[in-house]
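In the text below, chain A, chain B and the rest are named by the order of the sequence lines, each starting its count at 1. Every heavy atom of this structure was used, including side-chain atoms; hydrogens, water molecules and symmetry mates were not.
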Amino acid sequence: MSERQLLVGPFNRVEGDLEIRLDIEGGAVRAAYANSPLFRGFEMMLPGKDPRDALTLTPRICGICSISQSAAAAFALADAGRAEMPEQGALAASILHGVENMADHVTHFHLFFMPDFCRPSYAGRAWHQRALQRFTAMEGSAAKTMVEARARLLHIVGMLGGKWPHTLAIQPGGVTRAPDARDKVRIQTLLRAFRRFLETSLFGAPLEAFVGLSSLRDLDVWSTGDAGLFLEIAGDLDLASLGRGPGRYLSAGAYPMPSGRVSRAGVWQGGAVTAFDPAQIVEDVSHAWMLGGAAHPAQGVTAPDEEMREEAYSWCKAPRLGGQPVEVGALARQAVDGHPLAQALAAEGGVRARITGRLLEIARLQIWLEDWAARLDPAACFMGAWTLPEAGSGTGTGVGLVEAARGTLGHWLRIEGGKIASYQIVAPTTWNFSPRDAGGAAGPVEAALVGCPVGEAEDTPVSVQHVVRSFDPCMVCTVH
Amino acid sequence: MNVLWLQSAGCGGCTMSLLCAENPNVFDTLGDAGIRFLWHPSFSLETGAEARRILESVEAGETPLDVLCVEGSIVTGPRGTGKYHMLAGTGRSMLDWVQSLAPKARHVVAVGSCAAFGGITAAGGNPAGALGLQWDGTLEGGALPGAFRSASGLPVINVAGCPTHPAWVTETLLLLAGEAMSEGDLDPFRRPRFYADHLVHHGCTKNEFYEYKASARSLSEMGCMMEHLGCVGTQAVGDCNIRPWNGEGSCTRGGYPCIACTSPEFEEPNHPFTETPTIAGIPVGLPSDMPKAWFMALASLSKAATPKRIDVNAHSDRIRVAPTLRVKRK
Ligand code: SF4
Ligand code: SF4
């Protein structure tokens with residue numbers, strides 16, 4: 001078969017705009033180049049502003065992981081001001097953040113990922129009619145049930161955080177609204193209703209049964225709910241071996257509380273977890289339309305290359321950990337945290353692993369949320385006093401590392417003279433959709449696309465779509 | 001009625017908010033009224049070449065377009081080229097696409113403050129050269145000229161908000177589908193008056209604190225946030241406290257100030273968002289339609305008359321003093 005090139009875009013059912021260039025040879029992808037085609041310049045807007053303004057501006061980087069951005073900003077400011085949230089404030093912030101991550105995961109599965117199996121090219125497959133009935137875009141019964149369940153779940157953010165997205169409720173010292181006893185029982189009631197949706201629709205079984213799966217053999221016999229439908233499709237299309245990533249997974253540890261992070265931080269590779277050292281992060285700009293050299297985000301600059309030079313092909317910088325690309329996301333978090341099924345899936349590394357890792361996290365996160373809600377103490381203090389480095393002369397630095405739905409998110413902040421002097425952000429999709437680095441190493445999705453089968457008549461290969469969407473990219477965060 | 005939805009330089013949050021529509025869910029709210037998406041970047045099946053064919057068919061006039069919705073500002077940088085956002089797979093800037101598609105549409109709707117006025121993308125010196133569809137902040141004329149009128153004769157309808165309340169979007173589309181929106185239904189910044197004739201202050205749960213100028217001094221105190229914490233709910237348009245968000249929320253109910261996200265140039269208030277600028281102790285921005293002398297006279301009078309319950313609660317993170325009840329004994 002002949003060699004050809006394809007330009008795939010606009011790539012929808014991802015958050016934001018994405019373009020993928022493919023070199024195709026012998027009916028498969030030989031090389032892939034991921035372009036984030038939108039530049040807005042948030043890192044250039046922030047310098048000179050009052051540090052507190054980061055809490056208003058950075059959530060607006062992204063409408064789907066707005067609370068993640070707000071939490072990262074709050075922790076970066078708290079770090080700069082040597083402040084810590086009181087235990088109950090951190091608990092309420094985790095509930096807000098966990099609800100957003102949950103909403104993102106179910107949105108991804110039902111609206112972004114599954115509709116691809118409704119394509120006419122799959123007509124005749126044993127599962128196709130069921131996929132159509134459940135996941136036809138904007139009409140499928142599962143899609144509608146999900147949007148209703150999701151909208152009700154987000155009432156928790158309405159109650160605790162005013163609105164979603166773009167709440168200002170999470171502050172370096174805690175949260176702005178102290179929930180009372182009535183709020184607590186409403187939150188618990190909303191969570192019980194959401195559990196019903198998960199157990200009747202998505203899993204078709206108690207969540208604890210899914211969390212209890214400990215091996216790929218256990219997973220192979222799971223057949224209930226839409227999770228079962230996905231696994232049946234994954235088996236039929238061999239999605240287990242499609243789209244293997246770099247095999248290195250990073251998590252900064254999710255949900256920071258004074259007593260520690262709820263899920264562990266670390267790097268998973270080849271079955272072993274090692275410590276995550278944020279000092280090992282370097283953002284390379286060799287193939288990004290960015291000027292300046294490779295730098296740690298604490299020293300990084302954002303200077304767009306207005307000439308858009310030939311060798312570069314994306315506005316996205318290329319973060320590397322210890323010089324190597326890493327994959328981030330739910331699968332990474334669960335593998336690093338030590339869940340046995342997630343670790344087996346991390347070794348498998350393809351489309352099935354990423355989606356199942358997300359399903360596993362949905363089940364575990366629901367249980368965590370219920371636990372956090374039960375621990376809310378309506379008599380407690382939810383906001384502690386905190387101060388910024390003194391206005392006028394104040395100088396300080398801070399880092400905020402959190403786990404957004406799509407993976408590790410970091411904010412690096414420097415304050416000089418009481419104003420923001422530098423603000424650098426590395427978002428989950430910056431990791432996963434990074435372009436090549438100076439050594440020529442491809443970013444995680446670029447590597448995962450190599451080998452994807454492409455039919456002679458295809459101009460928008462469906463295998464490429466499955467792989468790209470399995471990462472759940474958020475392009476607006478990527479470049480910010 | 002068909003709708004083509006494009007996302008440009010924004011955060012996607014207005015679409016995410018739209019998914020929070022309720023009673024019934026967003027797909028039924030629109031679908032039951034015969035409103036369908038020709039293409040939506042977050043919801044539609046079509047990708048890549050299939051999506052390009054839809055855009056090309058509208059551009060060529062082969063597919064009639066009822067409503068063009070644009071979410072996100074239009075970036076013009078670097079140096080007026082629009083290359084900071086090339087619509088993926090097309091080799092053309094979003095600026096070019098929007099200018100080409102808008103005249104084909106019966107109505108053009110800017111969804112969110114970015115698309116309406118430039119919004120957050122235009123903050124901090126506007127590095128990407130962000131414009132609204134038909135406005136550049138408070139000035140008429142954006143990616144489309146101020147004189148632009150869509151096929152219906154209406155200017156761009158600015159459903160401003162950061163993000164937009166889901167109902168602001170669904171109801172605008174429902175009114176358009178019912179031929180029930182005319183120029184008189186838009187305010188001077190072309191925002192639909194059904195939500196823009198209200199102020200955020202209307203229905204705020206802190207109204208009693210406001211009456212006595214019993215003011216919160218730090219976030220998490222229950223008092224009114226106008227005096228110290230930057231709340232501009234008395235000037236900002238929106239029915240946020242009449243028809244709450246996500247069940248029963250709003251910014252002020254969440255314990256943080258309204259920053260007038262429905263207004264052009266809200267992104268650059270010229271002071272920290274959560275701090276009220278004052279001159280000689282008097283807030284710079286006074287409530288809409290309120291003469292300054294009256295405001296000062298009423299404020300000092302009401303402050304002096306503040307009941308203890310209101311004073312204590314204003315400075316607490318929860319109700320400490322309950323309203324006094326007169327219980328009769330036998
Ligand atoms: S907090 Fe804002 S909206 Fe609420 S009463 Fe005070 S000024 Fe009005
Ligand atoms: S309360 Fe003010 S800032 Fe909040 S959504 Fe409404 S208009 Fe926007």
Side-chain angles (χ1 to χ4, degrees), chain A residues 7-13 15-19 37-41 44-46 49-50 52-53 56-57 60-64 66 111 115 118 137-138 144 147-148 150-151 154-155 157-159 161-169 171 176-178 180 304 306 308 382-383 459-460 465 476, chain B residues 7 9 11-17 19-22 25-28 31 37 41-51 75 78-79 83-90 120-121 123-125 127-128 162-163 219-220 244-251 253-256 259 272-274 317-318:
Chain A
L7 196 62
V8 184
F11 214 119
N12 70 330
R13 280 179 289 114
E15 188 59 31
D17 202 9
L18 164 68
E19 180 176 90
L38 169 64
F39 173 80
R40 288 175 297 163
M44 297 165 79
M45 294 173 194
L46 288 156
K49 292 199 178 295
D50 186 281
R52 292 167 295 173
D53 285 349
T56 296
L57 292 169
R60 288 171 166 85
I61 290 171
C62 178
I64 194 163
S66 165
L111 298 190
C118 300
M138 294 174 272
K144 284 189 183 178
V147 287
E148 286 178 4
R150 171 190 178 278
L154 285 165
H155 285 199
V157 180
M159 191 179 307
K163 73 176 200 291
W164 186 87
H166 304 344
T167 172
L168 197 50
Q171 295 283 319
T176 53
R177 188 167 178 283
D180 61 16
E306 297 191 349
M308 299 174 75
F382 287 82
M383 175 87 91
D459 52 14
T460 310
Q465 297 191 51
V476 293
Chain B
Q7 278 178 340
C11 71
C14 290
T15 285
M16 284 298 123
S17 179
L19 280 173
C20 297
E22 289 180 276
N25 68 70
V26 60
F27 300 133
D28 287 341
F37 287 107
S42 301
F43 309 150
S44 294
L45 183 64
E46 295 85 354
T47 291
E50 304 151 338
V75 291
R79 293 185 303 259
K83 288 185 172 180
Y84 279 151
H85 186 196
M86 303 292 281
L87 179 61
T90 70
I120 283 285
T121 313
C162 184
L219 293 170
S220 86
W245 291 70
N246 304 99
E248 50 188 83
S250 76
C251 294
R253 290 169 193 215
Y256 51 91
I259 58 171
F273 283 103
T274 50
D317 61 351
R318 66 203 71 205

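The part of B/Arg318 that comes within reach of chain A is its side chain, from C-beta onward, which places non-hydrogen atoms under 4.5 angstrom from that chain. In this structure, the portions of A/Asn12 lying under 4.5 Å from any heavy atom of chain B include both its backbone and its side chain. Within the 4.5 angstrom heavy-atom criterion, atoms from both the backbone and the side chain of A/Leu154 approach chain B. Both the backbone and the side chain of A/Glu306 have a heavy atom closer than 4.5 Å to some heavy atom of chain B. For A/Leu18, the part lying near chain B is the backbone, with the side chain staying farther off; criterion is any non-hydrogen pair under 4.5 Å. When heavy atoms are compared at a cutoff of 4.5 Å, A/Thr176 approaches chain B by way of both its backbone and its side chain. Of the two parts of A/Lys163, the backbone and the side chain both hold a non-hydrogen atom closer than 4.5 Å to a non-hydrogen atom of chain B. For chain A, the nearby parts of B/Cys162 are the backbone and the side chain; heavy atoms of each come within less than 4.5 Å. The contact between A/Met383 and chain B is made entirely by side chain atoms (from C-beta outward), counting heavy-atom distances below 4.5 Å. With a threshold of 4.5 angstrom between heavy atoms, A/Arg150 approaches chain B through side-chain atoms but not through N, CA, C or O.
Counting only heavy atoms from C-beta outward, the side chains of A/Met138 and B/Ser44 approach each other to under 4.5 Å. With a 4.5 Å cut-off on side-chain heavy atoms, B/Pro163 and B/Trp245 count as touching. For the pair B/Asn246 and B/Cys20, the minimum side-chain heavy-atom distance is below 4.5 Å. Side-chain contact between A/Pro304 and A/Met44 is present, with heavy atoms from C-beta onward closer than 4.5 Å. With a 4.5 Å cut-off on side-chain heavy atoms, B/Met16 and A/Ser66 do not count as touching. Using a 4.5 Å heavy-atom cutoff, the side chains of B/Arg253 and B/Pro244 are in contact.
With respect to chain B, the highest number of heavy-atom pairs below 4.5 Å among A/Cys118, A/Gly161, A/Gly16 belongs to A/Gly161. Contacts with chain A were tallied for B/Thr90, B/Asp28, B/Val26; B/Asp28 has the most, counting heavy-atom pairs under 4.5 Å. With respect to chain A, the highest number of heavy-atom pairs below 4.5 Å among B/Glu22, B/Glu248, B/Met86 belongs to B/Glu22. The most heavy-atom pairs under 4.5 Å with chain B, out of A/Asp50, A/Asp180, A/Leu168, come from A/Leu168. Looking only at heavy-atom pairs under 4.5 Å with chain A, the residue among B/Gly12, B/Ala128, B/Pro272 that has the most is B/Pro272. Listed options A/Lys144, A/Arg177, A/Glu148, A/His155 were ranked by heavy-atom pairs under 4.5 angstrom with chain B; first place goes to A/His155. Among the candidates B/Ala51, B/Cys14, B/Ser250, the residue making the largest number of heavy-atom pairs closer than 4.5 Å to chain A is B/Ser250. Contact count against chain A (heavy-atom pairs under 4.5 Å) is highest for B/Gly48 among B/Cys251, B/Ala49, B/Gly48.
Looking at residues two or more places apart in sequence or on another chain, you find no ring-ring contact (aromatic ring centres under 6.0 Å, His included) involving A/Phe11. Partners of B/Phe27 under the ring-ring contact (aromatic ring centres under 6.0 Å, His included) rule, at least two apart in sequence or in another chain, are B/Phe43.
Counting only distance, with no hydrogens or angles, the side chain of B/Thr121 and the backbone of B/Ala9 share a donor-acceptor pair below 3.5 Å.
Remark: the B/Gln7 side chain and the B/Thr15 side chain contain an N/O donor-acceptor pair separated by less than 3.5 Å.
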**CA sep, side-chain torsions, deciding dist, call: A/Arg40, A/Val476, side-chain contact (heavy atoms from CB on, under 4.5 Å)** = CA-CA 9 Å; A/Arg40 288 175 297 163; A/Val476 293; 3.6 Å; yes
